[in-house]
Number of protein chains: 2
Amino acid sequence: MKTKNTNTNRPATLTDVARLAGVVPMTASRAINDSGYVSSEVRKRVSEAVKKLHYRPNMLARQLKSSRLNAIGILLPDIANPFSTELVNGVRQVFDEAGYTCFIATTSGKLEHEKASLQAFADHRVDGLIVATRGTKLGDEVLRDISRRGIPFATIGRPIKLRGVDCVTANHWQGAFDAVSHLIEIGHREIGFIGISPEDRLSLRRYLGYAAALEQAGLEVRPEHTVGPREAPAFATQEDGFAGMTALAQLRRRPTAVFARNDFTAIGAMRAAHMLGMRVPEDMAIAGFDNIPLAAFTTPPLTTVEQPITAQGAIAARMLLDRMTAEKPGAAKSISMECKLIVRGSTLIGG
Amino acid sequence: MKTKNTNTNRPATLTDVARLAGVVPMTASRAINDSGYVSSEVRKRVSEAVKKLHYRPNMLARQLKSSRLNAIGILLPDIANPFSTELVNGVRQVFDEAGYTCFIATTSGKLEHEKASLQAFADHRVDGLIVATRGTKLGDEVLRDISRRGIPFATIGRPIKLRGVDCVTANHWQGAFDAVSHLIEIGHREIGFIGISPEDRLSLRRYLGYAAALEQAGLEVRPEHTVGPREAPAFATQEDGFAGMTALAQLRRRPTAVFARNDFTAIGAMRAAHMLGMRVPEDMAIAGFDNIPLAAFTTPPLTTVEQPITAQGAIAARMLLDRMTAEKPGAAKSISMECKLIVRGSTLIGG
DNA sequence: CTGTTAGCGCATTCAG
DNA sequence: CTGAATGCGCTAACAG
């Protein structure tokens, strides 16, 4: 039996609009999407009907026909990080203009979340994906799956070897190298690294840059000078920084400077240094990574490494868009961007 | 290397699965969704076919039938504040369990973005919406539109009077009142407020709590003691805090304590105080709001007000879910949650 | 310029 | 227990 459409809650459909405008649905569709020829007379009637009924196209039905959702997904580790916001801005610069919506999902650092979110995006048939979580074995597997499903994606900060997948990343190695070289230049000979466990250290580009800088200066890389969380190598927080500095301070051969894996870790380390009665930078120089907005406002302000985040987002977006619209697959591109050392008072007296 | 390029293949459909399993699509659907009776024999064949073809249901087609996307949208302001993550965690606690996916969009503080994101969610027919942006006139209008479209939603931290819309918020007024009362208790008589322009102050609950605490103690609320950004009353950053403290320091009648609108602002103010040669808390006590993770790691650690963020997210989610599944509309609920003062070294010597 | 036809992938409804 | 028909809302691809 015919259900009465008296339910005001039911959104208006194209058919409703067409009926009110006295045309057939297809014509209304053409008028609304500016495709094909429609008389200005009809166009006007349709647009009036649209307004009157508060009509909005059902993107899902549209996608079902065209297999284009006009939306992409962005997978982030979390959104607390200033990093994430800037990244999204960069991505949106490109996709807003191209008429795509950007949906975001976060993993909260949980691998199951990463898998679930990626699946959800794929199940909802997004047209493309930007992945900015940290590389893990399980994560890579899921991405391989996604790739098999034919969904184009690009990664940021997590290089992955997969056919037809573009990657953009900052040169974390170089950034770390520069920061540690700076510490060496101003006279430090014993420099610690805070933010990762000795076991996991080799998987971290920031660590490798640190080690390389020491070696190039002819300094020894001491295992006991590397401290950090073992449970969750994907992150390092202010708490880890605090614990790390506390541990380093107990060493017989205590470093005079530390390079922290990121600014949060550096700030935690700085707090510990203060509590242990060390002066920063006189007794302990500290450098971080990322240049979060608060880095310039700590006491003393934090020396750190800045990476071009918005640019990375924009470039990844552009590559993804190209791949989404391209006819031919094209070779995978991999782009690396320079980081910039920013020297402040946490390493330089009077800085 | 078995590099079979399945990329050109379109994703498997239910029909593909059914064909491989030797049944009709409907039967496969029943087997996959555990609905209706299916012989274990068929069930097994189907599940094998699913695995073999990497089949995943097309949520869009499913929704087209059922009018349920099984997903909700979360709209966040884009300021890189740590509570975004916690909020999302709270919301997900509820919706993950209920089998919904959570998609996030951010506004970048731009009102057009807010409108566009809300429209995008609605156009993609999400089943519900959590809105956590700051209240604005235009934003309210868009929300009224969304509400008319029949999409249930709940707001966090932005009360709105709309039929059938639930709101949850922290009691910012009380939090501010408690923080300022604490400053008064430890002896301060001249207390500034940093974070909003005098023109906009009355729209900010945190300001009103500040003023109320002063009045209750019989202290005068001096207009010149309120400083903050005028251009963008929706936000206040570390830069605003720095500028605000600098301005207050030049007053003839300089405050001995300040209450900052949020922790970022407080940290900026603290930096300015240090640079101006004031000791914190001896010469200048500083309190913030939000208890961001870094607040415990500043020098000195920051006295601040903590709001139950995860809980707010979970409660809003629960109310939304109830509304989404309820038969009858039900009256709109409005919930307010207490905030907790956390006293640290930025107000208490030796704290 | 406009109408007709046909399906996108899935699940509800009714027959076997 | 399984199959067949039907339509969700929309739009290519053809007719007029």
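Below, chain A is the first sequence line, B the second, and so on; all start at residue 1.
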*Asks:* Do the side-chain N or O atoms of B:S29 get closer than 4.0 angstrom to the phosphate oxygens (OP1, OP2) of C:dA11?
*Replies:*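 Result: yes.
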*Asks:* Output the rounded distance in Å from CZ (A:R56) to P (D:dG9).
*Replies:* 17 Å
*Asks:* Report the distance from atom CD1 of A:I32 to atom P of D:dC10, rounded to the nearest whole Å.
*Replies:*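 In whole Å, D:dC10 P and A:I32 CD1 are 8 Å from each other.
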*Asks:* Checking only heavy atoms, does the side chain of B:K65 share a donor-acceptor pair with the base of C:dG9 at less than 3.5 Å?
*Replies:*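 Such a pair does not exist between side chain and base.
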*Asks:* Step by step, work out the side-chain contact (heavy atoms from CB on, under 4.5 Å) result for B:E114 and B:L118.
*Replies:* CA-CA 6 Å; B:E114 174 155 7; B:L118 245 17; 4.1 Å; yes
*Asks:* Categorize B:P25 for me: base, sugar-phosphate, or nothing, with a 4.0 angstrom heavy-atom threshold over every strand shown.
*Replies:*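 No contact at all - B:P25 keeps every heavy atom at 4.0 Å or more from the nucleic acid.
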*Asks:* Under 4.0 Å between a Lys/Arg side-chain N and an Asp/Glu carboxylate O for A:E41 and A:R45?
*Replies:* yes
*Asks:* On DNA chain C, compare the nucleotides closest to B:R30 and B:M59; which residue's is nearer the 5' end?
*Replies:*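 Looking at the nearest nucleotide for each, B:M59 comes out on the 5' side.
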*Asks:* Classify the nucleic acid contact of A:L14 as base, sugar-phosphate or nothing, counting any heavy atom under 4.0 Å across all strands shown.
*Replies:*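 Base: the residue A:L14, judged by heavy atoms under 4.0 Å, touches a nucleobase.
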*Asks:* So, OP1 or OP2 of C:dC10: does either fall under 4.0 Å of a side-chain N or O from B:T15?
*Replies:* no
*Asks:* Are B:R158 and B:D140 within salt-bridge range, i.e. N to O under 4.0 Å?
*Replies:*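 Between B:D140 and B:R158 there is a salt bridge, with a charged N closer than 4.0 Å to a carboxylate O.
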*Asks:* Is any NZ, NE, NH1 or NH2 atom of the basic residue among B:D16 and B:K52 found under 4.0 Å from an Asp or Glu carboxylate oxygen of the other?
*Replies:*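 A salt bridge is absent here (no side-chain N lies under 4.0 Å from a carboxylate O).
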*Asks:* Could you give the CE-to-P distance, from A:M26 to D:dC10, as a whole number of Å?
*Replies:* 12 Å
*Asks:* Would you mind reading off the distance between A:Q63 atom CD and D:dC8 atom P, rounded to a whole angstrom?
*Replies:* 19 Å
*Asks:* What's the CG-P distance between A:L69 and C:dG9, to the nearest Å?
*Replies:* 15 Å
*Asks:* When you check the phosphate oxygens OP1 and OP2 of C:dC10, does a side-chain N or O of B:Y55 lie under 4.0 Å from one of them?
*Replies:*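 Answer is yes, contact under 4.0 Å.
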*Asks:* Does B:N33 make a side-chain N or O approach to OP1 or OP2 of C:dA11 shorter than 4.0 Å?
*Replies:*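 Indeed, a polar side-chain atom of B:N33 lies that close.
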*Asks:* Between B:F103 and A:H124, is the ring centroid distance below 6.0 Å?
*Replies:* yes
*Asks:* Taking the nucleotide of DNA chain D with the closest heavy atom to each, which residue, B:R125 or B:T27, is nearer the 5' end?
*Replies:* B:T27
*Asks:* Can you identify which nucleotide, out of C:dC10, C:dT2, D:dG3, has its nearest atom closest to the B:V24 side chain?
*Replies:*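 For the B:V24 side chain, the nearest candidate turns out to be D:dG3.
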*Asks:* Among the nucleotides C:dG9, D:dT2, D:dC10, which one has an atom lying closest to any side-chain atom of A:T13?
*Replies:* D:dC10
*Asks:* Grab the CG-C1' distance between B:L64 and D:dT6 for me, whole Å please.
*Replies:* 13 Å
*Asks:* Atom CG of A:N58 and atom C1' of D:dG7: how far apart are they, to the nearest Å?
*Replies:* 14 Å
